[in-house]
Structure formats: structure tokens, C-alpha cells
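Sequence lines set the chain letters: A, B, ... in the order given, protein chains first and strands last, and positions in each chain run from 1.
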Amino acid sequence: MNQAIRSTWMVAVAMFALLFGALTVVQFFQADNLNANDWNSRTLYKDFDINRGAILVGGDPIAESVPSSDGFAFQRKYTDAELYAPLTGFYSLVYGATQLESAMNDQLSGSGNELLYDRIVRLFSGAQVEGASVELTIDPKLQQLAWDLLPDGVKGSIVVMEPKTGNILAMVSKPSFDPNKLAGHSSEKVVSNMANLEEVPGLSPFLNPATESLVAPGSVFKLVDTAAALESGKYNADSVLDNPAELKLPGTNVSLPNYVNGGCSARTKADFSFALEQSCNTPFAQIAWDLGEDAIAKQAEKFGFGQSFNIPVNVTASQFPTGMSKDLLAQAAIGQYDVRVTPLQVAMMTSAIANDGKLMKPNLIRTVRAPDLRVLQSPKPEQLQQSLSADHARQISQWMVNAVDRGIARNAAIPGVQVAGKTGTAELLAGSAGNNSWFTGFAPADNPQAVVSIVIQDVDLPTGSQLTSPNAKQLLEAVLNK
Amino acid sequence: MSDILTTPKSRRNAELLLLILALAVGVGANALAGLDQDKGFSRDFYVQSLTLAILVLAVHVVLRFRAKYADPVMLPIVAVLNGLGLAMIQRLDVAMDPPTTAAARQLMWTGIAAAVAIAVILLLKDHRVLRRFTYISLIISAALLILPLLPGVGMELNGARIWVNLGFATFQPGEIAKITLAIFFAGYLSTNRDLILLAGKKIGPLQLPRWRDMGPMLAAWLVSIGVLIFQRDLGSAILFFGMFMAMIYVATSRVSWVLIGLVMIAVGGFMAFKLFPHVTARIDGWLNAFDPDVYNRAGGSHQIVQGLFGLASGGLTGTGLGQGRPDLVTFANSDMIITALGEELGLIGVSAIVLLYLLLVSRGIRTALGTRDAFGKLLATGLSFTLALQCFVVIGGVTRLIPLTGLTTPFMAAGGSSLLANWLIVALLLLISHAARRPAPPAGLAGTHPPAGRPGRRRDSEQARLAAGAGEGEQR
């Protein structure tokens, strides 16, 4: 009997040995996999119990974590929520994090490498983990002004940028939304709020339109043609361009006309200055034919097309189509057909022209500070590439000044200041009454302080032109009067 | 009958020392959890700590007077497990929104369980008395198992019909039934093992029993299947049958019983898998736990997967008491308390707990080896093996070693019936160990025992087997 009892004990020991094995497998060997599992809300809950760092503009928080008593230690709170929503994005239990909340997550949550020392100290002191705070380059007054200049109900974006540093001073888009509605801790409420937001026409709460929406550029793309022409060596400031009233597009039975209401019809031969002042179409179509698709595409790339990068939020690559027949190339040359740009891309190419051809990397971050205010990061201005020679850049600036002084961008003029500018109107699909209205420019032309790029989408022509050049003037004035 | 003798020493002082350590662990855990939840030393903390200390010390004092040779390690192990369980339940109470009051109920049941244990030690004095109640135990077991099925009395909870409503609380009679069944099996087998031992056919080295002696095993199998069908309680079914298999094996020393039992489990298990949706779902949730359909299905693998996440987040060292999120797991304070402990105490902590269970089971088995009567041996083995099996089923279930079934972790999980039953088991084991370790009775039975003063000597097993056949049933 005792032998059988001993055998029974052996069976019991074997069962316990299996248990030790199973626990070791789960808690040691499979632990990393299980912790990374999508269904594992623990990782998320851990993140939501952290005193996440604030996002600051002009020293005031636009996103911060405040103590909460609903099962989570903290609640993310957004101030001036709609004004900054496309920049901050949101930090949601249900939908994850977007925009700066996502791009700067390592710093905000305190898990970045720079904060390793802080984490070790906390491990021993038992103090709570605290994230770093992120101060933006945004100027709150300019941001507010840009917001106010965009009427409610229109779809559009404004980007204001320092051409010499790439620092972004304002970046607004409408329609916007309140990220507080998505940052709540009740999943049901957040899901129903998201459903409501997705009903709003023209709004995608996950995107920043200024960096992620692709829009037809229209005539502002002529700046790329001009740069390509000068850089090719085939053209110079004195080149005389054919300016027929309309251009027959080969292989089709349509022709490309000049802008009907403009002053283009005054001359059949034009120089660059006149063609840009009046935004004539036919000269640029012919330049594109002359230089070829590749030359235009290459110049577009030098301005930043075809690259996606992080500022630190993601910027979508702007597109110039390839493999076009002659008729399509003519349309692409005036920013139609499948040419698509982000509003930031237009600001970038303008700032390269303003900055002697040097394209600076756009940047949103002024400083990242540890909880003890130690500076962890303060990004230095960074040159992306040389987009065109300094001489050619200055030449194009001069022509843009002429476009404001005596051309169709004259509503952007500021008395006593040399303002450079270029307007654009992209026709949307045939049959739609709407247009994309553009203005991009900078001031003062001889020492540019700010680039302003404005796009108003899907509006009629008079409204579009009213909301672009005059608004650019106000924004440039605000920068210069600072 | 073979004996293993130890020097008859009381060892109550060693028990007291271990008890103080045990209380330090349990109370310390409660204090740490409270501090980490920024609750500090609340009134609950003092009430729980004091009550627990008074209860286990009371049992200790009773042992000093009534069973002074009882095993000195069992009570401290139970004190640690009960204390840690209470701390975790309290910690989970606080984490819930709104806070729950499971810890107060658990404390009340700890009191009841300890009081019943004391009563058993005081009133029973000698476990062999229970042998008189062999068939009464069978009737009581049957009654306890049928009780939850009666309309009006029984109630269904979470798909299993194993509860009765006592008015002030709910109770699982099945927990007590495992003890009464163990008493019945021990009584029946110790009386009838001579008959069962008569061999039937021999196939190779395997000595098969006679068909007519298969009755008891078939009965046990049917009871387990009945529990599975009518109460939909897979865990208890496994427990009852496993206990019986261990006991009939110990009674006969024949491996053939185990093989027959395993075949019956295979047949029963396969039938259950094919016929009963709740069993099919359990197996599916085990094999395909990470399949999105299974995970999202009601009664699917959500609970076990969340438990695994908890264990994984604890890792090697754990998050620390009060610092994890064990409240995210369904039934964290009862069925899944091991994952809660694994999350906050880590692999190291939960291994220590499992080691305590192994130690408790080993002390029970040691008691079985040391006791002098077959009934005691069978009862102690049955009860100890039940504890081991219960740990295996429940911890194996939450670690996905085997399918998850709704058994409770002994002494730790929130649940009065389980607590009461396990304290009763320990009270019985303590009594049996007292009988095993006390000095040999001087008169009448002296012939079957070696003279005093030759401790630790093991008798020749051949002689033991001879003696076993003859003297076994007549010891009382």
C-alpha cells in the first residue's frame, strides 16, 4: 500500500512539475509575445496611467494630462481644441494616437531613450513616470488669425512658415473637430462621437489636411515649370515665349485656353514676368513640351515632390504623374490632370524660392523638455536640398513681386513692402462648379520673414480669390508687424 | 500494515514559529497592496489581519491540546495561502468600480471554516470514527450532489448548476461532497479490498480485476458523468473520478485499475466532447484561444486570454502588489486568482505559491505513509491527491496547459464553500497526522509495531503486505 502511496505522490509531483513548466512558458518565454498582442489592453492601460507630457504653444498647454478618477490616473485634455486638432491629433483608448500625440509618443510618455536616466531614478525612488513636454514652433497669435481668416463652412488650409529655418508658425485647417470628444475613457461615447465626426463633410479626424491631403495645385505649379526652364539653361530672363490664346492639344479635339478673364490676351508673345503676372497657360504648356516630362518631374522632386517625411508628423508625398502623352503633359504643366500636392508642399517650394534656392526641412518642434525642464531636444534648422540656384531663385522672386505689384495677385500687396506671390486656380472635375483657389507667397522679397500658403477647396471663383490673396496680406502684415 | 515512524515529538512550537512567519507574509501582502493603492492602513486592513491571526492561532491552540502530534507544517501553509488570497481579494475589491465587498465575505467564511475545523478536531478526536459512517457518507454525497438540481433550492450561475441558495449566501455542496465521497471510498475500499484484490484474467504482466468487482469504479464513473451532464461542471467531474482512481489504486496497488480508469476517462471525455456543447466550447476555447471568432464569442476564450495577458505582464518579478491591472480579468478574485497573483508577484511569487501547495500535498501524502490504518491511509491519500488535482486543473487551466474549467484555487479563491471544504480537508489531515505521529498505542496493538525507541525504521514491505491482508479491517 505504501508503495502505491509513493507512486501517487510521484504523480502529484509530476503534475506540479507540469504547472511550473506551464507558468514559466507563459510568464517568461511567451511574455513578450503576449504583451505585444493587439488584444492586450494592459499595455494601453499602462500608457493611460502615465502623466503624459504636455504639448505647448507659446508656453501654454494645448494638450495636457490632468488627474482623473475614473479608473485611469489621468485624462488627456485639449485647450483651443479645434484650432490645434490637426496638429495635436488625439490620444484615444479606442482609436489609438494620431499626429503629434503619436509622432512624439516616446517623449510624451517618457519612454524615449533620452528619458532613460529619469526612468532609472524613478525605479528606485518609486515616483510616478512623467513624460516630457513638447513646445511647438507655432505662434499662437498667428495661428488664431489664420483660423479666423478661414470662414466656417469652407474647406481649406493655411500654412505659415519661416523660409530660413523651416519652422512652421501657423498651420490651420477647416473643418476641424474637438479631440476631447475622442480622448474620453468611455468607449461607447468615444465610438459614437467618432461616428458623428465622420458624418461631417470634408472632415477626416485621423488626418492633418495641411500635410496629408493631396490637392490639385493649379497655376502655383507654374513656379516649378519656371524653375525647370531656368535650370535647364535653355531659357533665361529675356526669353520670349509664345503666348497663343489657346493651344491645340495633340491627339484630342480640345484645346488649352489662356485664363479668360486675365490680361493674357493682350500679348501673343510674352516674357516670363508677363506670363506669371497674368498666369497665362499656353507658354508653360509649351515649355513643358520643350523640356519634356522628365525635366519637369526632376525639378518637382528638387522642390520635395515624391518624398514623404516627418516634421515629426507624417507628410504625404506630393505627386507629379509620369508617362504622360503630350496633351496630358500640357495640363500637368499648369497643375491640372493628376498633379497633387499637400498645402505644405506648396509652402516648401515657395520657401525654397524665398531662401535663395535652399529648401529647409519643415519643423514643428521648438524644444522637448524633461519634467525637470532639462532640454532634451531642440531641433536645429536642417537643409533638405538645394532646389535651384540662388540666382534663379532671386529671379523668380522678382517675377512673383511683379505678380503682386501689377498682376493678378495684387490683392496681396502691402504698402511699402515688397510682397512676392503667385495665385492658382485648379478646376475640379468637369461639370463641378468648384475650384481650388490658391495663394502662395512671401514678404519682404529681399529678406523673407514668412511664407504664406493658402488653399481654399471646392469654392466658386470670386469666393476663392477673396479668401486667398487678401488673407495672405493680413497674415504677412501680422508677421512683419511683430 | 507498514508504518513509517517518526520520533513522537509534538513540534507545536515549530508550528507557532512558522505561523508567525505565515501571518507576516499574509498581513504584509495586505499592507503592501493597501499602500500601493494609496489606501494605507485602513480599518479593513486591521480587521482582516487581526481576524486572520486570531483564527489560525485558535486552531494552533486547539491542536496543542487535542492533537499535539499533528503535522506542524500544514497549518502555517494554509495560513499563508489564506492570507495571500484575502490580500488579493481585498486589493481587487478596491480596484473595482464601484468597490466590491468580496473580502469581507471571504473573511466571514474564513472564520466559519476555521471554526468548523476546530469543531472537527475537538469533536472527532480520531479520524477512524468516520469509518462507521461509510454508507451514510455515500447517502450524504448523493444528497449534496442532487441538491443543486432541485428546483427552488438549486440555482444556476454562469452556466453551471452547482449552487444552492442559503438565503444569506450561496453554497456549492459539491465542494463538501468531495470530502464525503473520499470518506465513503476510503471506508468501502479498506473493507472490501480483499475482495477486489481477487484477480481476474491476466493479460501479459497486467492483472485485470474480475468483472463483478468493477461495480464501484463504474459507479464512480457514472457519478462523474452525472455531474458533467446535469451540473455541467467539468472540473468537479474530473476531480471526483481522479480522486477515486487514486484511492482504488492505493487500495489495490494494481496499475490495471489506473489503466481501466484512463480508458473510462477517454471514453467519457470523448462522448462529452461530442455530445455536450459546453464541453466542446471549453475544448475549442483551449485549442483555438487566439482565434478571433473564439475570442469574441460569448463564453469563448476571452477570459483565458486575458488571464494569460495578466500572467505575461507580471513576467519574472511581477508588477508588485497593487500595481498591476488584475481587475481586467473576469472572475479575477475566484477562478482566475492565480493570474492575479502571477501578474503582481511574478513567476517567482506564483512559483512559491505552487511550491506551498506541493509541500502541503506532500505533507498529506507523508501522513498517509505514516498512519497505521488502511482507512486513514486511503483517506489521507484521497484528500491530498484531491488538493493536488484541484491545483493542477485550475492552474493548468489558466496557463492553457489543459482546458479551463471552473474550479477554485484552494484556500485562495473567493468562495465560501471551497474555503470551508479545504479547511475541513486540512482538519482531517491534521487529525490523521496526529494519529500517525503520536507514540504507538501501548496495549493490544503492540505486536504490530516495532518497539519504541527505534524511530524512523521502515518495516519490511513484504511483511507489511502480509500483515495488511489480515489485520487491516480489524484495527478498530
Side-chain angles (χ1 to χ4, degrees), chain A residues 1-50 67-74 93 122-129 185-187, chain B residues 1-4 95 97 246 249-255 290 295 302 305-306 308-316 324-325 328 338 342-343 346-347 350-351 354-355 357-358 361-362 365-366 368-369 374 377-378 380-381 384-385 387-389 391-392 395-396 399-401 458 461 464-465 468:
Chain A
M1 211 167 184
N2 276 355
Q3 198 48 53
I5 294 175
R6 283 192 192 92
S7 306
T8 310
W9 180 71
M10 292 298 289
V11 172
V13 170
M15 291 194 303
F16 278 101
L18 281 172
L19 291 184
F20 285 122
L23 284 167
T24 309
V25 166
V26 172
Q27 295 202 268
F28 188 73
F29 292 107
Q30 290 179 350
D32 289 344
N33 270 338
L34 289 168
N35 285 332
N37 192 294
D38 285 345
W39 296 335
N40 193 342
S41 51
R42 268 185 179 67
T43 318
L44 208 62
Y45 277 103
K46 219 186 271 170
D47 293 345
F48 276 79
D49 273 348
I50 289 174
S68 157
S69 56
D70 58 355
F72 296 90
F74 294 96
L93 259 179
R122 286 205 173 78
L123 190 66
F124 288 102
S125 68
Q128 241 175 7
V129 179
H185 294 156
S186 148
S187 305
Chain B
M1 190 79 236
S2 81
D3 304 325
I4 292 176
D97 184 32
Y249 168 64
V250 169
T252 61
S253 300
R254 291 237 180 98
V255 182
F290 286 91
Y295 178 77
H302 183 269
V305 168
Q306 287 299 323
L308 289 174
F309 289 158
L311 285 171
S313 78
L316 211 54
R325 290 300 301 264
L328 295 177
I338 280 292
E343 176 171 354
L347 177 60
V350 82
S351 295
V354 174
L355 211 56
Y357 281 116
L358 176 57
V361 169
S362 301
I365 298 275
R366 178 68 185 72
L369 286 173
K377 278 179 188 297
L378 283 168
T381 311
S384 307
F385 191 74
L387 273 177
L389 200 56
C391 289
F392 181 73
I395 303 173
T399 52
R400 218 171 143 233
L401 182 65
R458 219 179 100 189
S461 66
R465 210 150 286 165

To the nearest 0.5 Å, atom CD of A:Q27 lies from atom CG of A:L34 at 10.5 Å

Comparing A:W9, A:F28, A:F16, A:W39 against chain B, the one with the most heavy-atom pairs below 4.5 Å turns out to be A:W39

Highest number of heavy-atom pairs under 4.5 Å with chain A among B:L378, B:V305, B:L358, B:I395 belongs to B:L358

Counting heavy-atom pairs under 4.5 angstrom with chain A, the leader among B:L328, B:V361, B:L308 is B:L328

Most heavy-atom pairs under 4.5 Å with chain A, out of B:G314, B:A380, B:A246, B:G310, belong to B:G310

Greatest number of non-hydrogen atom pairs under 4.5 angstrom with chain A, of B:C391, B:A368, B:A312, B:G346, falls to B:A312

Distance col, row B:L311:CG vs B:L347:CG, nearest 0.5 angstrom, shows 9.5 Å

So, the part of A:V25 with a heavy atom under 4.5 Å from chain B: the answer is neither

From the list B:F385, B:F309, B:F290, B:Y295, the residue making the most non-hydrogen contacts under 4.5 Å with chain A is B:F309

Honestly, the part of B:S313 sitting under 4.5 Å from a heavy atom of chain A is both

In this structure, OG of A:S7 is separated from CD1 of B:I365 (nearest 0.5 Å) by 10.0 Å

When rounded to the nearest 0.5 Å, the distance separating CZ of B:R366 from CZ of A:R6 is 9.0 Å

The ring pair (Phe, Tyr, Trp, His ring centres under 6.0 Å) partners of A:H185 (sequence neighbours excluded) come to A:F48, A:F72

OG1 of A:T24 to CG of B:L316, rounded to nearest 0.5 Å, is 9.0 Å

Whatever's closer than 4.5 Å to a heavy atom in chain B on A:D32 counts as neither

Given A:L19, A:N33, A:T8, the one with more heavy-atom pairs under 4.5 angstrom with chain B than any other is A:L19

Rounded to the nearest 0.5 Å, the CG atom of B:L401 sits from the CE atom of A:M15 at a distance of 11.0 Å

Sorted by chain and residue number, the ring pair (Phe, Tyr, Trp, His ring centres under 6.0 Å) partners of A:F74 (sequence neighbours excluded) come out as none

Heaviest contributor of heavy-atom pairs below 4.5 Å to chain A, chosen from B:S384, B:A251, B:G396, B:S351, is B:S351

Honestly, the part of B:V255 sitting under 4.5 Å from a heavy atom of chain A is neither

* To do: Let me see the working for B:K377 and A:N2 under side-chain contact (heavy atoms from CB on, under 4.5 Å), right down to the final yes or no.
  => CA-CA 9 Å; B:K377 278 179 188 297; A:N2 276 355; 2.8 Å; yes

Honestly, the part of B:L355 sitting under 4.5 Å from a heavy atom of chain A is both

